[in-house]
Every structure is written in structure tokens, then in C-alpha cells.
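Here the structure is laid out as C-alpha cells; the discussion comes afterwards.
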Amino acid sequence: MLFGGFLQTRLTAYYSSKGKHILENAGKIAMEAIQNIQTVMQLTKESYFYNEYCEILNTIHRSSITRAHILSILFSITSAVVYFSTAAFISLGTFLVDRDTVTFEDMFLVLNAVVLAARTIGRELTLFPDYGRATEAATNIFTLLNQKLSIDNESKTGGEIVCEHFNGQIDFDHMYFNYPNRSESTVLKNFKLHMKSEQKIALVGTSGCGKSTTIQLIE
């Protein structure tokens, strides 16, 4: 029973973590399509993003069905063990009473204790899936709290920035750029731009050509 409960806890935590990552990927695709809806419509990629989103949802749907079957089988086995063990104990008790090894009163007292313990364990086993989800949630919280940033914004080490070295001039010299989640799509290709100090310019182009990306790179 304890092994079955432990296995339920581990499987619940595993499937919760797996489902979380799958849903994160689905959210990324949805947000990418919504934020760049004009570009998606111009390139007629609506069906592509729809199919990608549905495929991810189908993956988590199949995973949920598998999880339900496995956890149901484990729960039924661990619950049945309680009744099988009670039946085995009664058979052993009647055999010992028949052999005058123990008295009927002693056998009945021990039987009540075993049955009460088995029922208590059976009720507690129903909480094991919740315990697995709680363990997964606590692990995520402590992982987030203990995460070390690659850039320490409070660090005092390094050279001091001297403002006189900056004159406001910005140059893009044969710039290539693509987002990590869209490596197949190059946003800026051989981009060249020279902006003098206090010069005012305008970035003009169709949606998705890289205007916002250029501003974000400057920022």
C-alpha cells in the first residue's frame, strides 16, 4: 500500500511538471500569434499557428488520458490490498483459533486494530495525488526563490562608465537578428543605419519588418 501511494505521488508530480511545460509552449505560440497578428495574416499563417496550437493541446490531452488510466489502476490496486489483507488475516486468525494457538478474543481485538488501520490508510491514500501536486508546487516556489540571476544588477564590480565617452551616435553595421523562439525567421538582415547625435529619424516599413525590434535593441 505504501509503495502504491508513493508511486501515485511520484507519477502525479511527474505528469504535473510535464503538463506545465506543454501548456507553456502552447501559451508561447498563442501569444506570438496574437502579438504579431498582422504579420500572421499577411503571410497567411493562420492555419499553421492553429495546427501547432491544436497539436500541443492534443499532446496534453493524450497525456491526461494516460495519467488517468495509470493512476486509476494504482488506486484500485492499493485500495483492494486493504480488503485482501483483511481476508487473509481472518483466514489466518480462524486457523490459529482452530489450532488453539490464540483465543477468539485476542484474534478479534487484533482484527479490529488491523481493519481500523487499513481503513485509515485507505482514506489517506486518496490524498496522495494532492500531496504530489503540493510537492510539485513547493518545488517550483523554492526553485524560483533560489534562482541565481546571470546578471547581478546590484554588483559594484567592474569598471565605471564614463559619460563623456557617449555622444548619442548609434550605428547598426550589417546587423542580423532573429528571435530565439523563431530562429527560422530573420527579422533584421544586413541592416545598416547611422544616426547622429540629436538627429531625428523615422523608421518606416510594413508590419513585421523590424521597426519595433530595432527600437528594442537600442533600449
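If you're wondering where the values come from, they're calculated on a predicted model, not measured in any experiment.
- Put simply, the side chain of Y176 reaches to within 4.5 Å of the side chain of K189, judged on heavy atoms.
- Using a 4.5 Å cut-off on side-chain heavy atoms (C-beta onward), H194 and Q169 make contact.
- Going from atom CD1 of I65 over to atom NE2 of H61 covers 3.5 Å, rounded to the nearest 0.5 Å.
- Judged by distance alone, the side chain of N146 and the main-chain N or O of F142 form a donor-acceptor pair under 3.5 Å.
- Taken together through direct or relayed side-chain contacts under 4.5 Å among Ile, Leu, Val, Met, Phe, Trp and Tyr, Y50 and M31 form parts of separate hydrophobic clusters.
- Considering only heavy atoms from C-beta on, T214 comes within 4.5 Å of L203 through its side chain.
- The salt bridge (Lys or Arg N to Asp or Glu O under 4.0 Å) check on E46 picks up nothing, with sequence neighbours excluded.
- The cluster map of Ile, Leu, Val, Met, Phe, Trp and Tyr, joined by side-chain heavy atoms under 4.5 Å apart, puts L92 and F84 in different clusters.
- Using a distance-only test at 3.5 Å, with no hydrogens or angles considered, no donor-acceptor pair links the side chain of E32 to the main chain of I29.
- Of the inter-residue distances, the one linking L193 atom CG with L188 atom CG reads 10.5 Å to the nearest 0.5 angstrom.
- For the residue pair I60 and L57, the shortest heavy atom distance occurs at CG2-O, 3.1 Å.
- Put simply, the side chain of T101 never gets that close to the backbone of V97: no donor and acceptor are under 3.5 Å apart.
- The distance from atom CG of N190 to atom CZ of F172, rounded to the nearest 0.5 Å, is 13.5 Å.
- One finds the CE atom of M175 at 11.0 Å from the OG1 atom of T213 (value rounded to the nearest 0.5 Å).
- Closest approach of E55 and R62 over heavy atoms only: OE2-NH2, 3.8 Å.
- Judged purely by atom type and a 3.5 angstrom limit, D106 has no side-chain atom pairing as donor or acceptor with the backbone of V102.
- Counting side-chain heavy-atom gaps under 4.5 Å among Ile, Leu, Val, Met, Phe, Trp and Tyr, V204 is found in no cluster with other residues.
- Summarising the geometry of Y53 relative to A30, their closest heavy-atom pair is CE1-CB, 4.0 Å, with the distance given to 0.1 Å.
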